[in-house]
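See structure below.
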Amino acid sequence: MFEEENQTLNQRVLAFCNAHGLPVEKLMWRKIPFSGEWGMAAPLFPLAAEDPQRSGPVPQHAQTLAVALKEALGELPGFSRSEAVKGYLNLYYETSQYAQEAVNLVLETGENYGSQAQTGDPVMVEYSNVNTHKPIHVGHLRNVILGGTICRILEASGKPVVRANYIGDIGLHVMKWLYTYQRFHAGEEPPQDIMRWMSDIYTEAERYFSEDPEYEAAVRAYFNRWDAGDAEVKALWEKTRTWSMDGFMQTYALLDEHFDRIYFESEVEEPGKELVEELVKSGLAEDGRPENPVIIDLDKMLGTKEEYRVVVLLRSDGTSLYSTKELPLAMLKFKEYPLELSIYVVDVRQTLHFKQAQKILELMDYAPASRMKHLAYEIVNLPGNVTMSSRDGTVVLLDDLVREACTRAQAIVEEKNPDLCEHERGEIAMAVALGAIKYPMISRETTKVVTFDWESALDFNGQSAPYIQYAHVRANSILRKAGEMKYQASSMAAKFSYPLEIAEVNLVEKLTELPDLIQRAAAELKPSLLTTYGYELAKSFNDFYNSCPVLNAEPAQRNDRLALVSATRFALGNTLKLLGIQAPDAM
RNA sequence: GCCCCCGUAGCUCAAUGGACAGAGCAGCAGCCUUCUAAGCUGUUGGUUGCGCGUUCGAAUCGCGCCGGGGGUACCA
């Protein structure tokens, strides 16, 4: 926006700085931070500090420079006035021109407003990473929503994305499940709600396993059959793994997430073992078998102290570990795709693990290692900083949460909108419930622990997804009625030639922020920037809604305000879409 | 012990090194014959854990403490 005007401005600023021997690169423009004001502001302090002509204190000299710069700039096209105050130079936009450009840009680009066309090599984002034969709880939810949102933000910022999911389909937990199924549920087929059914069997297996040593021994014996390649065990594993995956797909469909490439632990186990043998041969790894495991003592190798620690690559009995499989998986990804970046959305407890894996790949002279990035996010706890544990029965299952939230949302929709048919009410309730559940998972910084509590998860008021959805509904409602009254906003260019209300100024200002914010959120991998933005945009719209009549305004004003409402609906809808939250037309 | 993260209003959280540190929830007082009250307005609430430093300027950067969480050789 304002390219020509900015060029003029930059030329004059440069001329001023050159004339006074000032470092022009130190002049940083930002938006004026006051509500209801439009424009750009620059602090003159950095220039004042380096000005050889300065005699007095910096703040005073900054003010002197601000005044001088203001004089040097004179009348600027696109700006209505300027002022030098407290060491800052403030340039105020010409009201109607700025609003016109801002609103029309949104209306021209519509559903693409804020997004860039995708170019270049893809970025892979690995997320979700659930284990088969186990249930999905709200802890997993943060990962899925965070990962999915990062994918959408990256795509909007102009990067092609490959969505990867690394499924834990082998290991002791699977054996517990298989053995328990074989013993108590043989021949049973999963019902409609696969996840619930598999979860119940898993809980059962956990209980027997931890309470009864003989049961544990039986499970381990079963594991040996697996290791020996027992055909019956393998067949059962394949069949039940499919059930589990079907259950996951139901959940992903519910959450509106999908994946381009699903990797299985079972797929990289053998390549991992082979790679470890190579590492031993090359002398990088120390083979202590059969008494000791295969390890790499990274600290010894790098001369560091208690930083990289010792990595165990293979158990002393030769069976694989998490670390065994990480290396071939990383390489497989780069082999399959020309990745610019390989991101791992995995919780913070695995930070050392990824640091080690990346370092080992570096030591192997594997060049793409530098393009791996671990996005470490904090976990979801219960009130009192209690970590969810299936053994203690403190896990909140995703299904239970969704069901409860949906029931509550349903009751509110029925009260507010009894005219809608049952099907529509159900869809709205689901959109609201899922939005409310997803929002807190991405609305705080990834480095901060999310505390889950039922009360706030089911609160559809205040700073929440339903608040933003509701603003979208209100905008939609105005536009629908305008349509019925035969006023089409998007077809008429907005002029904004009337004096704008403060609420309108703030709303237009918010609209303009989206494109840059998407770029920043992508660069910093921070979805929380967009949740905050969505809330602020909705709040600005609600202010506008309350203070500026649209349908009953004078014709010129009505037309322009309809354009503004239409633009806002796009911005709200686009933001919600990035967050993976539906934008209903009614609530 | 060592490494990483967090510490801002009673609670949950915001704030590209820049102007008066802002929201929501909770509390109190108001607003539905006007575009959906899942909304809005007003009000109460702060030595940004503590100290020193860097800077014209620090919640933000550095160092040192204090408090909480996580990780730290055969779990993932």
Side-chain angles (χ1 to χ4, degrees), chain A residues 28 30 32-34 41-46 48-50 54 57-62 85-88 90 129 131 168 171-173 265 288 292-297 305-317 319 321-323 325 346-353 355 376 378-379 381 385 387 409 412-413 415-417 432 436 440 443-445 447-451 453 455-456 459-464 466-467 469-471 473-482 516 520 524 528-529 531-532 535-536 538-539 542-543 545-553 561 565 586-587:
Chain A
M28 304 293 280
R30 66 197 71 236
I32 292 177
F34 306 112
L44 274 295
F45 304 101
E50 295 194 21
R54 176 169 67 90
V58 169
Q60 276 176 32
H61 191 60
V85 56
K86 291 183 180 174
Y88 292 82
N90 296 331
N129 298 8
N131 291 324
L172 188 59
H173 75 276
E265 269 189 51
N292 290 303
V294 179
I295 61 156
I296 297 186
D297 189 338
K305 204 183 151 201
E306 293 192 66
E307 191 182 347
Y308 288 94
R309 307 273 165 169
V310 171
V311 185
V312 178
L313 284 177
L314 214 54
R315 287 197 187 89
S316 41
D317 66 2
T319 53
L321 290 158
Y322 193 40
S323 55
K325 295 163 254 183
V346 181
D347 81 58
V348 68
R349 293 171 297 190
Q350 287 169 42
T351 300
L352 179 60
H353 164 78
K355 195 173 154 186
E378 265 291 357
I379 58 172
N381 278 346
N385 220 9
T387 302
I412 298 174
V413 179
E415 180 197 323
K416 304 238 169 222
N417 254 321
V432 169
S443 66
R444 51 211 81 217
E445 294 201 33
T447 53
K448 293 189 177 172
V449 174
V450 168
T451 301
D453 72 281
E455 196 189 340
S456 56
D459 186 358
F460 303 144
N461 300 310
Q463 195 162 0
S464 64
Y467 180 93
Q469 291 172 315
Y470 187 62
V473 164
R474 282 178 145 181
N476 185 67
S477 183
I478 291 176
L479 294 169
R480 190 185 62 241
K481 293 203 168 162
D516 286 348
R520 204 184 133 206
E524 299 177 18
S528 62
L529 294 175
T531 53
T532 302
Y535 173 71
E536 288 173 352
K539 188 165 182 58
N542 277 330
D543 282 349
Y545 185 92
N546 279 291
S547 54
C548 304
V550 178
L551 298 176
N552 295 327
R561 283 181 173 170
V565 171
M587 274 169 75

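The figures here come from the full heavy-atom set of this structure, side chains too, leaving out hydrogens, waters and symmetry mates. A note on names: the letters A, B, ... follow the listed sequences, proteins ahead of strands, and every chain is numbered from 1.
A donor and an acceptor atom sit less than 3.5 Å apart, one in the side chain of A/Asn90 and one in the base of B/rA19. Looking at A/Arg30, its side chain comes within 3.5 Å of the base of B/rU16 through a donor and an acceptor atom.
A straight line from CD of A/Glu415 to P of B/rA37 spans 13 Å, rounded to a whole angstrom.
Rounded to the nearest Å, the gap between the C1' atom of B/rG45 and that of B/rA37 is 26 Å. Annotation: B/rU44 and B/rC32 have their P atoms spaced 24 Å apart (nearest Å). Comparing B/rG42 with B/rU47, their C1' atoms sit 28 Å apart, to the nearest whole Å.
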Tabulate protein N/O versus nucleotide N/O from nucleotides 4-10 of chain B, keeping only pairs under 3.5 Å, one per line.
{"residue": "B/rC5", "atom": "O2'", "partner": "A/Thr447", "partner atom": "O", "Å": "3.2"}
{"residue": "B/rG7", "atom": "OP1", "partner": "A/Lys448", "partner atom": "NZ", "Å": "3.0"}

Short heteroatom pairs, N/O only, protein and nucleotides 72-76 of chain B, under 3.5 Å:
{"residue": "B/rU72", "atom": "O2'", "partner": "A/Arg309", "partner atom": "NE", "Å": "3.0"}
{"residue": "B/rU72", "atom": "O2'", "partner": "A/Arg309", "partner atom": "NH1", "Å": "2.7"}
{"residue": "B/rC74", "atom": "O3'", "partner": "A/Arg315", "partner atom": "NE", "Å": "3.4"}
{"residue": "B/rC74", "atom": "O2'", "partner": "A/Arg315", "partner atom": "NE", "Å": "3.2"}
{"residue": "B/rC74", "atom": "O2", "partner": "A/Ser316", "partner atom": "N", "Å": "2.9"}
{"residue": "B/rC74", "atom": "O2", "partner": "A/Ser316", "partner atom": "OG", "Å": "3.3"}
{"residue": "B/rC74", "atom": "N3", "partner": "A/Ser316", "partner atom": "OG", "Å": "3.4"}
{"residue": "B/rC75", "atom": "OP2", "partner": "A/Arg315", "partner atom": "NE", "Å": "2.9"}
{"residue": "B/rC75", "atom": "OP2", "partner": "A/Arg315", "partner atom": "NH2", "Å": "2.9"}
{"residue": "B/rA76", "atom": "OP2", "partner": "A/Tyr322", "partner atom": "N", "Å": "3.2"}
{"residue": "B/rA76", "atom": "O3'", "partner": "A/Glu265", "partner atom": "OE2", "Å": "3.3"}

Item to check | Base-pair map of RNA chain B as dot-bracket, where | denotes pairing with a different strand and pairs are Watson-Crick or G-U under 3.5 Å | outcome: (((((((..((((....[...)))).(((((.......))))).....(((((..]....))))))))))))....
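Classified by interplanar angle (parallel below 30°, tilted 30° to 60°, perpendicular above 60°), the ring pair A/Tyr467/A/Tyr535 is tilted.
Aromatic stacking of A/Tyr88 on B/rA19: satisfied, with centres closer than 5.5 Å and planes within an angle under 30 degrees.
Syn is the glycosidic conformation of B/rC32, whose angle stays within 90° of 0.
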